[in-house]
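Notes follow the structure.
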Amino acid sequence: METGTIPIDELTGGLDLYRTLESGQSYLWQREDGEMYTETPAPGAWYSTVVGSDAVSGNSDAAAAGDVIRVRVRDGNLEWESTTDAEPAVRRLLRLDDDLEAIVAAGPDDSLLREAYEAHRGMRLVADPPFGCLISFICSAQMRVGRIHTMVSTLAREYGDKIEFDGETYHAFPTPKQLATATEAELRELGLGYRAPYVVRTAEMVATGEAHPAEAQNLEYEDAREYLTRFVGVGDKVADCVLLFALDFDEAVPLDTWLKSAIEEYYPDCDRGTYADTSRALRERLGGEYAGYSQTYIFHHLRTGA
DNA sequence: ATAAGGCCTAAGAG
DNA sequence: ACTCTTAGGCCTT
């Protein structure tokens with residue numbers, strides 16, 4: 001086992017691990033007590049993930065396929081344990097090198113956003129592996145965050161590689177080929193409902209090489225969103241989530257039900273009728289380059305009822 | 001290009 | 001206990 005420690009006071013803007021991993025951005029981590037989204041974690045709770053063969057495209061720092069990574073916060077440090085030297089991967093997955101203070105300072109000075117930034121200080125965006133993120137958000141349609149996490153965990157358990165580490169079994173999220181072996185009937189049986197055929201068909205598209213979500217990374221933002229909608233089960237909203245949470249498009253502003261209510265109440269002039277036009281208007285209002293950070297704080301603030 | 005209607009399912013509200 | 005609504009929408013017509 002390899003281990004390491006990263007002092008949190010060396011991270012500009014700090015780190016709130018709980019809010020980063022349980023704010024509906026990533027569904028690819030597990031908490032040691034298995035109670036994500038239902039109870040707040042005990043101090044020092046471990047979170048784990050497996051960096052699989054879909055590892056962070058375009059990032060040579062990612063750990064090799066099949067590596068388990070565990071992280072927790074204790075005594076002002078982010079501690080990690082892994083099958084490999086995971087510090088570069090940890091920094092990447094949790095975006096520890098983002099200058100969070102500067103990002104917060106760059107946002108617009110409106111009451112809702114300031115309140116959200118203040119209430120959830122230290123929450124960072126995540127950088128998920130593209131394929132796992134894509135499937136996660138196909139599953140997210142009309143679904144509560146706790147159940148999305150259950151669905152994604154089930155897919156890992158049923159179709160992903162098993163990896164032993166420190167006496168425990170971990171499950172990698174399935175590769176496109178592994179997930180493409182699933183049938184619609186199986187996935188319905190596993191509780192995915194009408195999303196089942198979407199997941200199978202999208203996994204097949206990636207497995208056969210017809211398309212890959214990482215391809216979008218090379219495109220301009222709105223072209224990238226358009227590209228992702230070729231996957232079955234992916235509309236504008238899901239595409240924006242993948243761009244924001246896996247492909248480094250910090251300007252992406254997913255318009256979900258929470259953001260739509262925020263527009264109604266706080267940014268009514270940004271409602272331009274269509275998704276593309278409203279998204280563009282809100283992106284400008286929320287600070288352009290880092291509008292997605294603002295979106296994530298507003299989403300989490302409203303969703304947690306604060 | 002834009003607008004309805006249908007869709008799996010379980011937790012929460014009434 | 002039951003029914004109704006809702007939950008980070010998408011696909012088809």
Side-chain angles (χ1 to χ4, degrees), chain A residues 19-28 35-39 112 116 120 123 125-126 128 132-155 182-205 213 222 225-246 249 252-267 271-280 282-283 286 291-306:
Chain A
R19 288 193 168 89
T20 299
L21 292 182
E22 299 194 43
S23 52
Q25 300 182 57
S26 175
Y27 299 94
L28 301 173
E35 298 295 330
M36 283 178 87
Y37 299 105
T38 57
E39 300 171 10
L112 174 64
H120 310 294
M123 181 172 74
L125 287 185
V126 299
D128 269 357
C133 182
L134 178 67
I135 299 297
S136 296
F137 283 91
I138 289 173
C139 291
S140 79
Q142 287 187 293
M143 197 48 60
R144 289 176 176 78
V145 290
R147 285 198 59 209
I148 300 166
H149 185 260
T150 300
M151 289 179 182
V152 173
S153 302
T154 299
L155 292 178
T183 65
E184 175 182 341
E186 285 172 2
L187 297 189
R188 283 181 181 273
E189 200 63 29
L190 293 173
L192 268 70
Y194 63 79
R195 304 156 196 81
Y198 304 165
V199 168
V200 174
R201 290 171 64 189
T202 289
E204 287 169 350
M205 289 173 74
E222 295 201 15
R225 186 172 64 200
E226 174 68 21
Y227 177 89
L228 292 180
T229 60
R230 76 186 52 203
F231 294 107
V232 184
V234 179
D236 288 330
K237 186 271 178 185
V238 169
D240 266 333
C241 288
V242 176
L243 294 176
L244 183 60
F245 301 135
F249 285 85
V253 178
L255 296 184
D256 52 55
T257 56
W258 294 101
L259 265 291
K260 284 174 182 168
S261 76
I263 290 169
E264 199 173 327
E265 192 164 347
Y266 297 92
Y267 313 106
D271 184 355
R272 305 294 166 83
T274 70
Y275 186 99
D277 292 340
T278 302
S279 174
R280 199 174 297 129
L282 191 60
R283 188 157 78 245
L286 294 181
Y293 249 102
S294 304
Q295 183 273 353
T296 299
Y297 272 83
I298 290 172
F299 168 77
H300 190 246
H301 193 55
L302 295 178
R303 191 182 68 79
T304 55

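Everything numeric here is computed off the predicted structure, so don't read it as measured data. In the text below, chain A, chain B and the rest are named by the order of the sequence lines, each starting its count at 1.
Regarding A:I148, its CD1 atom lies at a distance of 18 Å from the P atom of C:dT6, rounded to whole Å. Counting to the nearest Å, the C1' atom of C:dG9 and the NZ atom of A:K260 are 8 Å from each other. Going from atom CG of A:L134 over to atom P of C:dG9 covers 17 Å, rounded to whole Å. Distance A:Y194 OH to C:dT6 P: 15 Å, rounded to the nearest Å. To the nearest angstrom, P of C:dA7 lies 13 Å from CG of A:L302. Atoms CD1 (A:I135) and P (C:dC10) sit 14 Å apart, rounded to a whole Å. Rounded to whole angstrom, the span from the CZ atom of A:R195 across to the P atom of C:dC11 amounts to 13 Å. As a whole-Å value, the separation of A:L192 CG from C:dA7 C1' is 15 Å.
Along DNA chain C, the nucleotide nearest A:G233 and the nucleotide nearest A:Q295 are compared for position; the residue whose nucleotide lies closer to the 5' end is A:Q295. Of the residues near DNA chain C, A:F245 and A:V232, the one whose nearest nucleotide (by heavy atom distance) lies more toward the 5' end is A:F245.
A gap of 26 Å separates the P atoms of B:dC8 and C:dC2, to the nearest Å. Here, B:dA1 and C:dG9 have their P atoms 24 Å apart, quoted to the whole Å. Using P as the reference atom, B:dA3 and C:dA7 are 22 Å apart when rounded to the nearest Å.
Residue A:T38 is classed as having no contact, given no heavy-atom separation below 4.0 Å to the nucleic acid. At a threshold of 4.0 angstrom between heavy atoms, the contacts of A:R147 include nucleobase atoms, whether or not backbone atoms are also involved. Within the 4.0 angstrom heavy-atom criterion, base atoms lie near A:Q25. Heavy atoms of A:Y37 sit nowhere under 4.0 angstrom from any nucleic acid atom. Across all strands shown, A:Y275 has no heavy atoms under 4.0 Å from either base or sugar-phosphate atoms.
The shortest non-hydrogen separation linking A:I148 to A:C139 is CG1-O, 4.4 Å. Contact record, A:R230 with A:M205: O-CE, 3.4 Å, taken as the closest heavy-atom pair. Taking each heavy atom of A:M123 and A:Y293 in turn, the nearest pair found is O-CE2, 4.1 Å.
The 12-atom threshold is exceeded at CD of A:E186, counting heavy atoms of other residues, nucleotides or ligands nearer than 6.0 Å. Dense packing is recorded around CD of A:E35, with more than 12 heavy atoms of other residues, nucleotides or ligands lying under 6.0 Å away.
Among the duplex regions that DNA chain C forms, those built from at least three successive Watson-Crick or G-U pairs under 3.5 Å are B:3-7 with C:9-13, B:9-14 with C:2-7, ordered by first number.
When A:L134, A:V126, A:D240 are each tested for a side chain to side chain contact (heavy atoms under 4.5 Å, CB included) with A:F245, only one passes: A:V126. None of A:L228, A:T229, A:L255 except one satisfies the side chain to side chain contact (heavy atoms under 4.5 Å, CB included) rule with A:D236; the exception is A:T229.
Evaluation of the side chain to side chain donor-acceptor pair (under 3.5 Å) rule for A:Y227 yields no partner, not counting sequence neighbours.
Here A:R280 pairs with A:D277 in a salt bridge; the nearest charged N to carboxylate O distance falls below 4.0 Å.
Think of the region where chain A sits on DNA chain B: with heavy atoms and a 4.0 Å cut, that region ends 5' and 3' at B:dT2 to B:dA11.
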